[in-house]
Amino acid sequence: MGRLAQTDGLTDVQREILATVREFVDKEIIPVATELEHRDEYPTRIVEGLKELGLFGLMIPEEYGGLGESLLTYALCVEEIARGWMSVSGIINTHFIVAYMLKQHGTREQKDHFLPRMAAGEVRGAFSMSEPGLGSDVSAITSKGVRDGDDFLLTGQKMWLTNGGSSTLVAVLCRTDEGHPEGTAPHKSMTTFLIEKEPGFGQVKPGLTIPGKIEKMGYKGVDTTELIMDGLRVPADRVLGGATGRGFYQMMDGVEVGRVNVAARGCGVAQRAFELGVSYAQQRHTFGKAIAQHQAIQFKLAEMATKVEAAHAMMVNAARKKDSGQRNDLEAGMAKYLASEYCKEVVEDAFRIHGGYGFSKEYEIERLYREAPMLLIGEGTAEIQKMIIGRRLLEDYRIHG
């Protein structure tokens with residue numbers, strides 16, 4: 001292992017977990033990732049291996065059968081997994097966000113019902129905010145939940161569900177007008193519903209349809225889908241936290257830790273791109289010597305390594321801030337913004353080092369080059385991150401008087 005992206009202050013348990021995950025990535029993911037990605041094939045065997053390692057319950061408390069680890073441990077594991085294949089880290093991320101939301105906001109009955117099975121990987125989570133007619137403007141959600149006796153009837157169309165087909169539990173954000181008079185701020189009239197379903201595509205339960213996978217230029221293997229609700233009946237006890245109107249805050253809490261996850265993914269992909277670039281530069285010869293001996297390539301490697309190190313440090317800082325119980329939206333926004341932008345740049349530099357071979361599907365860098373752009377969008381675009389960062393800075397540096 002090289003010197004980049006090392007983390008000081010880890011416990012023996014954390015180091016042991018990370019060593020186990022890295023070994024799994026090197027042996028079970030990297031050798032097959034590009035082949036599976038080119039076939040857009042769901043990595044069933046890899047996912048089963050992650051279940052055996054207990055990673056689906058990494059942050060779920062021990063009382064529910066999980067490992068009870070910190071966000072930092074989880075983020076460092078995601079970094080390792082994304083280094084192998086980013087799609088696999090996406091499978092875990094959406095599951096993790098739903099488990100986190102349940103742990104933080106669920107009723108006792110909801111926690112007892114879902115978390116033990118989520119820790120075992122028997123229940124797979126997905127979450128859904130976005131819709132076809134909106135991107136970052138969550139307040140414009142049109143999907144609705146209407147009270148019908150002891151149930152709610154949900155209607156609407158959602159977009160960009162990671163694990164949409166393979167999941168068995170989806171946390172869905174809808175507008176609910178119950179108890180919220182006309183004129184209530186949009187974010188105060190939203191509710192998160194916990195929808196249980198069968199895995200697969202088509203009509204997976206009455207009133208709920210998961211169309212086929214959305215074709216993407218990268219981030220393949222993992223299923224990304226729409227979700228269509230047409231009079232979907234959901235019991236009132238499947239409102240997250242037991243009360244309507246709290247959904248926006250619950251989802252934003254989940255997205256905040258999700259941004260640390262995306263930052264970790266950016267770090268992992270950038271690390272792999274650097275590894276590929278520095279290795280190829282020592283094997284490829286021009287003008288009588290390895291291209292790594294040319295000053296122009298050394299400059300690229302220096303810039304790439306510095307970006308990998310800086311992104312990793314910011315990601316670790318954001319995770320530790322959240323673990324300490326402090327507000328971390330500023331740090332998470334900065335980490336997500338920097339890591340995703342640096343990831344794109346490091347991958348492109350590694351692509352350039354490969355020259356014409358980088359354009360060949362025989363080389364791993366081709367896959368990374370198609371995967372990196374997703375990180376610029378997932379869990380909020382760079383522009384959204386800069387808005388969050390700017391507003392928080394003005395709060396901290398406000399002039400009084």
Side-chain angles (χ1 to χ4, degrees), residues 14 17-18 21 24-25 43 46-47 49-62 64-106 110-111 114-129 160-164 166-173 192 194 219 222-224 240 250-268 315-316 318-320 322-323 328 332 335-336 339 374-375 378-380:
Q14 288 175 313
I17 290 172
L18 290 173
V21 172
F24 181 85
V25 168
I46 293 172
V47 170
L50 295 176
K51 281 174 59 177
E52 292 180 12
L53 292 178
L55 289 192
F56 281 95
L58 192 60
M59 278 190 67
I60 294 175
E62 293 180 1
Y64 298 108
L67 298 180
E69 273 295 332
S70 63
L71 177 60
L72 175 62
T73 306
Y74 176 78
L76 293 174
C77 287
V78 166
E79 184 179 40
E80 292 291 351
I81 293 169
R83 174 182 154 269
W85 185 13
M86 191 179 74
S87 293
V88 178
S89 65
I91 292 170
I92 295 177
N93 180 44
T94 51
H95 175 89
F96 149 72
I97 290 177
V98 177
Y100 174 83
M101 290 168 61
L102 273 162
K103 181 185 74 169
Q104 295 296 109
H105 306 288
Q110 289 168 351
K111 294 176 184 178
F114 289 113
L115 288 181
R117 292 183 296 147
M118 294 187 79
E122 296 169 3
V123 169
R124 304 276 182 79
F127 80 107
S128 177
M129 290 192 297
W160 305 118
L161 274 79
T162 301
N163 288 343
S166 54
S167 60
T168 54
L169 173 66
V170 186
V172 178
L173 187 64
T192 302
L194 301 170
Y219 200 40
V222 59
D223 47 290
T224 305
L240 180 61
Q250 295 163 346
M251 283 279 179
M252 290 303 104
D253 190 24
V255 167
E256 191 172 287
V257 293
R259 285 181 179 138
V260 175
N261 173 286
V262 173
R265 283 197 256 179
C267 292
M315 177 272 290
V316 168
R320 281 182 162 150
K322 186 73 171 179
D323 283 332
N328 87 325
K336 192 276 175 185
M374 196 285 292
L375 298 171
E379 314 292 32

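What you are looking at is a predicted structure, and each value in this text was computed from that prediction instead of being measured. Numbering of residues begins at 1 and proceeds along the displayed sequence.
- Scanning for side chain to side chain contact (heavy atoms under 4.5 Å, CB included) contacts around Pro116 gives Tyr64, with sequence neighbours left out.
- Proximity of a side-chain donor or acceptor of Lys336 to a complementary backbone N or O of Gly266 within less than 3.5 Å is not detected.
- Between the Gln250 side chain and the Leu240 main chain, a donor and an acceptor come within less than 3.5 Å of each other.
- Without hydrogens or angle criteria, Ser167 side chain to Val170 main chain gives no donor-acceptor distance under 3.5 Å.
- Side-chain contact between Leu72 and Val316 is present, with heavy atoms from C-beta onward closer than 4.5 Å.
- Judged by distance alone, the side chain of His95 and the main-chain N or O of Met118 form a donor-acceptor pair under 3.5 Å.
- For the pair Val257/Tyr74, no side-chain contact is recorded, criterion being any heavy-atom separation below 4.5 Å from C-beta on.
- Smallest separation of non-hydrogen atoms from Ala264 and Val78: CB-CG1, 3.9 Å.
- When side chains are defined from C-beta on, His105 does not count as touching Met251, because their heavy atoms never get closer than 4.5 Å.
- Residues Leu76 and Gln14 are not in side-chain contact: their nearest non-hydrogen atoms beyond the backbone lie 4.5 Å or more apart.
- In this structure, the side chains of Val25 and Arg83 come closer than 4.5 Å at one or more pairs of heavy atoms.
- Contact between Leu18 and Cys77 at its shortest, heavy atoms only, is CD2-N, 3.7 Å.
- Remark: the backbone N or O of Lys103 is paired with a side-chain donor or acceptor of Lys111 at under 3.5 angstrom.
- With sequence neighbours excluded, the residues that form a side chain to side chain contact (heavy atoms under 4.5 Å, CB included) with Ser166 are Tyr42, Asn163, Asp223.
- Using a 4.5 Å heavy-atom threshold, the side chains of Leu50 and Ile92 count as touching.
- Considering only heavy atoms from C-beta on, Phe24 stays 4.5 Å or farther from Ile81 through its side chain.
- A donor-acceptor distance shorter than 3.5 angstrom exists from the side chain of Thr168 to the backbone of Arg124, with no hydrogens or angles considered.
- Distance alone, capped at 3.5 Å, is enough to place a donor-acceptor pair between the Asn328 side chain and the Ala318 backbone.
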Verdict with supporting geometry, Phe56 and Val123, side-chain contact (heavy atoms from CB on, under 4.5 Å): CA-CA 9 Å; Phe56 281 95; Val123 169; over 6 Å; no

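- In this structure the side chain of Leu173 never reaches within 4.5 angstrom of the side chain of Ser128, judged on heavy atoms.
- Glu79 and Arg265 are not joined by a salt bridge, as no carboxylate oxygen comes within less than 4.0 angstrom of a charged side-chain nitrogen.
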